[in-house]
4 protein chains.
Amino acid sequence: MLNKVMLIGNLGADPEVRYMPSGGAVTNVSLATTRRWKDRQSGERREHTEWHRVVFFNRLAEVAGEYLRKGSQVYVEGRIQTRKWQDQSGQDRYSTEIIAEEMQMLGSRSGGTANFGDSAQQGGYSAPQSQPSAAPQQQQPSGNTPPPASYDDFDDDIPF
Amino acid sequence: MLNKVMLIGNLGADPEVRYMPSGGAVTNVSLATTRRWKDRQSGERREHTEWHRVVFFNRLAEVAGEYLRKGSQVYVEGRIQTRKWQDQSGQDRYSTEIIAEEMQMLGSRSGGTANFGDSAQQGGYSAPQSQPSAAPQQQQPSGNTPPPASYDDFDDDIPF
Amino acid sequence: MLNKVMLIGNLGADPEVRYMPSGGAVTNVSLATTRRWKDRQSGERREHTEWHRVVFFNRLAEVAGEYLRKGSQVYVEGRIQTRKWQDQSGQDRYSTEIIAEEMQMLGSRSGGTANFGDSAQQGGYSAPQSQPSAAPQQQQPSGNTPPPASYDDFDDDIPF
Amino acid sequence: MLNKVMLIGNLGADPEVRYMPSGGAVTNVSLATTRRWKDRQSGERREHTEWHRVVFFNRLAEVAGEYLRKGSQVYVEGRIQTRKWQDQSGQDRYSTEIIAEEMQMLGSRSGGTANFGDSAQQGGYSAPQSQPSAAPQQQQPSGNTPPPASYDDFDDDIPF
DNA sequence: TTTT
DNA sequence: TTTT
């Protein structure tokens with residue numbers, strides 16, 4: 001079976017880095033891909049932007065958190081995964097995410113060096129802590145937004 | 001920008017074929033991909049099945065409706081698209097779908113011929129009708145399930 | 001940088017399994033992909049079959065050698081690599097191969113079990129030997145065919 | 001059957017644009033992809049650069065000829081095709097090329113605008129001519145380099 | 001809900 | 001050389 005996603009797009013905001021109880025990093029990124037086409041009927045140009053929730057784990061999460069910034073162009077390869085969660089009223093809701101397996105920064109002449117300019121303060125990279133933040137578990141699911149997944153057991157796993 | 005999905009999986013049920021007001025076919029399929037891995041900690045084998053909503057349009061929708069059946073193994077190439085809809089209480093909800101752009105039947109010794117056996121009655125292929133069924137527009141969004149999209153304007157579009 | 005190949009095709013012959021001095025397996029496979037299209041001018045159907053040299057290493061080579069057979073339908077993911085060799089007259093020649101990184105058997109109702117029928121004798125799988133065959137190094141490059149690569153140093157390597 | 005290649009790399013030289021008898025453009029590009037890995041044995045970093053011959057046709061060939069330059073970073077999607085030709089001594093030789101089906105310029109903040117700087121003279125883009133150059137047919141295959149293909153009949157073809 |  |  002194959003479940004493969006390949007995206008080239010730009011970040012809509014700085015990455016958000018959190019840590020699992022194990023100490024492994026989890027980085028969330030919102031990635032835009034824009035499709036442009038010419039309408040067959042009217043002949044006019046149209047475009048549609050799709051936003052993808054991309055999740056990086058462990059070593060890749062640290063690299064993403066360190067080098068990616070709002071506006072960065074990036075190639076992401078991964079798989080589709082839909083996560084179930086409950087909203088305030090207890091209803092089941094679903095959030096579809098891209099679990100990243102490969103990542104390539106694009107277009108940087110300077111070899112992938114991050115820009116530590118004006119976005120550094122609110123989105124900067126922090127080294128993995130031996131005392132992992134408990135943030136993922138604490139956060140309350142707000143009405144319409146999926147909570148960060150706990151991923152307690154996420155692991156670099158070995159396919160067989 | 002690139003937004004590409006490639007899946008190889010099996011259908012969980014017969015395809016559902018509907019028609020747009022334009023007469024173009026829309027086929028929905030539920031596709032399972034199973035990932036198997038060995039847990040790093042415990043060493044035990046684990047697996048996870050992911051279900052994908054795949055949507056075919058026009059000519060591809062007709063081929064999918066005619067040749068695919070519950071259990072069919074298929075390769076699908078397409079793009080990720082998230083659709084917004086309102087549930088009964090008027091809340092915004094989202095459904096992520098794979099818009100198919102290519103399709104290949106796999107593994108059929110018999111050359112891709114569909115099985116018109118016991119599943120033919122509820123899932124069989126119907127030729128495009130000049131009087132398109134209005135089904136997509138009529139259906140009520142049930143509490144937890146996204147309604148079929150209307151796609152009134154879906155078109156074989158030309159990228160530029 | 002990205003160098004990715006994805007093939008779905010059929011084997012033209014049983015796999016050829018050899019062993020590196022290290023004992024690791026190397027399996028070569030000839031894979032056909034057929035493209036069909038309708039000629040714009042004449043409107044007639046045309047087709048072209050492309051043959052790909054696919055090389056598997058180590059664990060994947062053993063699985064390929066054991067389960068694939070002439071006619072098997074398979075999904076291969078890998079990268080393109082061009083190898084330089086010298087023909088009898090000492091001229092440089094090039095052979096482009098697909099180095100496989102993932103493999104999936106397709107369409108086997110019977111769960112991927114290999115057929116050990118009439119092709120087992122000349123193409124059967126042998127378990128890795130502690131005394132690796134020296135075959136790769138011995139073979140003489142014939143005039144027009146690239147010799148098996150020696151790959152003395154091929155290794156499961158870690159991207160960084 | 002699937003025969004898909006996806007590359008992200010940099011051009012080693014300006015594109016070469018030629019024209020078919022039909023007037024359609026054919027653009028050849030040499031694209032480098034670099035793989036980096038850590039050797040399992042020695043632990044040292046290694047890298048290997050692979051050069052791909054990429055061929056664009058018709059509209060894509062014109063865009064490639066206009067906007068790509070030596071050093072440009074580009075995403076190319078296409079298929080593998082091996083072409084047979086005869087060297088001076090009449091021996092069969094093979095050249096493997098990537099026939100491009102999609103192309104995306106990467107990393108240009110300025111929206112894909114080509115650099116018409118110092119490389120414009122030897123590699124610049126020319127609009128399709130009603131009097132197509134006969135160049136492809138004239139060129140002599142030199143001993144070790146494949147001649148440009150004639151592609152007399154290449155066409156935007158319709159898969160079925 | 002499929003399949004291996 | 002495969003397969004549909």
Side-chain angles (χ1 to χ4, degrees), chain A residues 1-3 82 84 94 159-160, chain B residues 7-16 28-38 45-54 63-64 67-76 98 103-115 118-119 122-123 145, chain C residues 7-16 28-38 45-54 63-64 67-76 98 103-115 118-119 122-123 145, chain D residues 1-3 82 84 94 159-160:
Chain A
M1 309 302 156
L2 177 72
N3 173 355
T82 296
K84 191 183 188 174
Y94 299 86
F160 68 93
Chain B
L7 304 173
I8 296 174
N10 297 278
L11 271 71
D14 283 354
E16 294 170 18
N28 283 269
V29 141
S30 191
L31 192 68
T33 58
T34 300
R35 192 168 68 96
R36 283 164 238 273
W37 72 97
K38 197 172 281 184
R45 300 185 162 202
R46 299 187 55 185
E47 69 171 58
H48 171 77
T49 295
E50 192 69 35
W51 288 95
H52 309 268
R53 299 169 176 273
V54 180
V63 176
Y67 292 109
L68 299 181
R69 285 297 171 271
K70 177 177 176 172
S72 295
Q73 191 181 38
V74 68
Y75 166 78
V76 171
I98 309 307
M103 192 260 289
Q104 294 281 345
M105 291 204 58
L106 300 175
S108 54
R109 239 113 283 275
S110 42
T113 316
N115 164 20
D118 63 349
S119 64
Q122 74 249 35
T145 316
Chain C
L7 304 172
I8 295 175
N10 297 278
L11 271 71
D14 283 354
E16 293 169 20
N28 284 268
V29 142
S30 192
L31 193 68
T33 59
T34 300
R35 194 169 69 97
R36 284 164 237 274
W37 72 97
K38 196 172 280 181
R45 301 185 162 200
R46 300 189 54 187
E47 70 170 57
H48 171 76
T49 295
E50 192 69 34
W51 288 96
H52 309 268
R53 298 171 178 272
V54 180
V63 175
Y67 293 110
L68 299 180
R69 285 296 171 271
K70 177 176 178 172
S72 295
Q73 191 181 36
V74 69
Y75 166 79
V76 170
I98 309 307
M103 191 260 289
Q104 293 280 345
M105 292 203 58
L106 299 175
S108 53
R109 240 114 284 274
S110 42
T113 315
N115 164 21
D118 63 348
S119 65
Q122 73 248 34
T145 316
Chain D
M1 309 302 158
L2 177 72
N3 173 357
T82 296
K84 190 181 188 173
Y94 299 88
F160 70 91

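Letters go in sequence order (proteins before strands), and every chain restarts at 1. Just so it is clear, the model here is predicted, and its values are computed rather than measured.
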Residue B:Lys70, side-chain heavy atoms: nucleotide from E:dT2, F:dT3, F:dT2 that is nearest =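 My answer, after comparing the listed nucleotides, is E:dT2.
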Choose from E:dT3, E:dT1, F:dT1 the nucleotide whose nearest atom is closest to any side-chain atom of C:Ala13.
->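 Among E:dT3, E:dT1, F:dT1, the one nearest the side chain of C:Ala13 is F:dT1.
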Verify the stacking flag for B:Trp51 against E:dT2: centroid separation must be under 5.5 angstrom and the ring planes must differ by under 30 degrees.
->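 No, B:Trp51 does not stack on the base of E:dT2.
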In this structure, how many angstroms lie between the [atom2] atom of [N] and the [atom1] atom of [X], rounded?
X	N	atom1	atom2	value
C:Tyr67	E:dT4	OH	P	14 Å
C:His52	F:dT2	NE2	P	16 Å
D:Leu2	F:dT4	CG	P	17 Å
C:Trp37	F:dT4	CH2	C1'	15 Å
B:Asn10	E:dT4	CG	C1'	9 Å
B:Glu47	E:dT1	CD	P	15 Å
C:Arg53	F:dT1	CZ	P	14 Å
B:Asp14	E:dT2	CG	P	12 Å

Reckon C:Ser72 touches a base, only the sugar-phosphate, or nothing at all at heavy-atom distances under 4.0 Å?
->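 The residue C:Ser72 makes no contact with any strand.
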Less than 3.5 Å between a donor and an acceptor, one on the side chain of C:Thr33 and one on the base of F:dT2, is that the case here?
->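 Not at all, since no donor on one side and acceptor on the other fall under 3.5 Å apart.
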Has the side chain of C:Ser30 got a donor or acceptor that lies under 3.5 Å from a partner of the other kind on the base of F:dT1?
->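 Pair found.
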With C:Glu47 as reference, evaluate C:Arg35, C:Lys38, C:Arg36 under the salt bridge (charged side-chain N to carboxylate O under 4.0 Å, His left out) test and give the passing residue.
->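 By the salt bridge (charged side-chain N to carboxylate O under 4.0 Å, His left out) criterion, C:Glu47 pairs with just one of C:Arg35, C:Lys38, C:Arg36: C:Arg36.
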Kindly give the heavy-atom pair with the smallest separation between C:Ser72 and C:Met105, and that separation in Å.
->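 The pair with the smallest heavy-atom distance is OG-CE, 4.5 Å.
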Partners meeting side-chain hydrogen bond (donor to acceptor under 3.5 Å, both in side chains) with B:Gln104 (sequence neighbours left out) |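 Applying side-chain hydrogen bond (donor to acceptor under 3.5 Å, both in side chains) to B:Gln104 gives none.
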Mind checking side-chain contact (heavy atoms from CB on, under 4.5 Å) for B:Thr33 and listing every partner two or more places apart, or none if nothing turns up?
->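 In terms of side-chain contact (heavy atoms from CB on, under 4.5 Å), with neighbours along the sequence ignored, B:Thr33 is linked to A:Met1, A:Asn3, B:Leu7, B:Glu50, B:His52.
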Between C:Leu31, C:Val54, C:Leu11, which is the residue that forms a side chain to side chain contact (heavy atoms under 4.5 Å, CB included) with C:Leu68?
->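 Only match with C:Leu68 under side chain to side chain contact (heavy atoms under 4.5 Å, CB included): C:Leu11.
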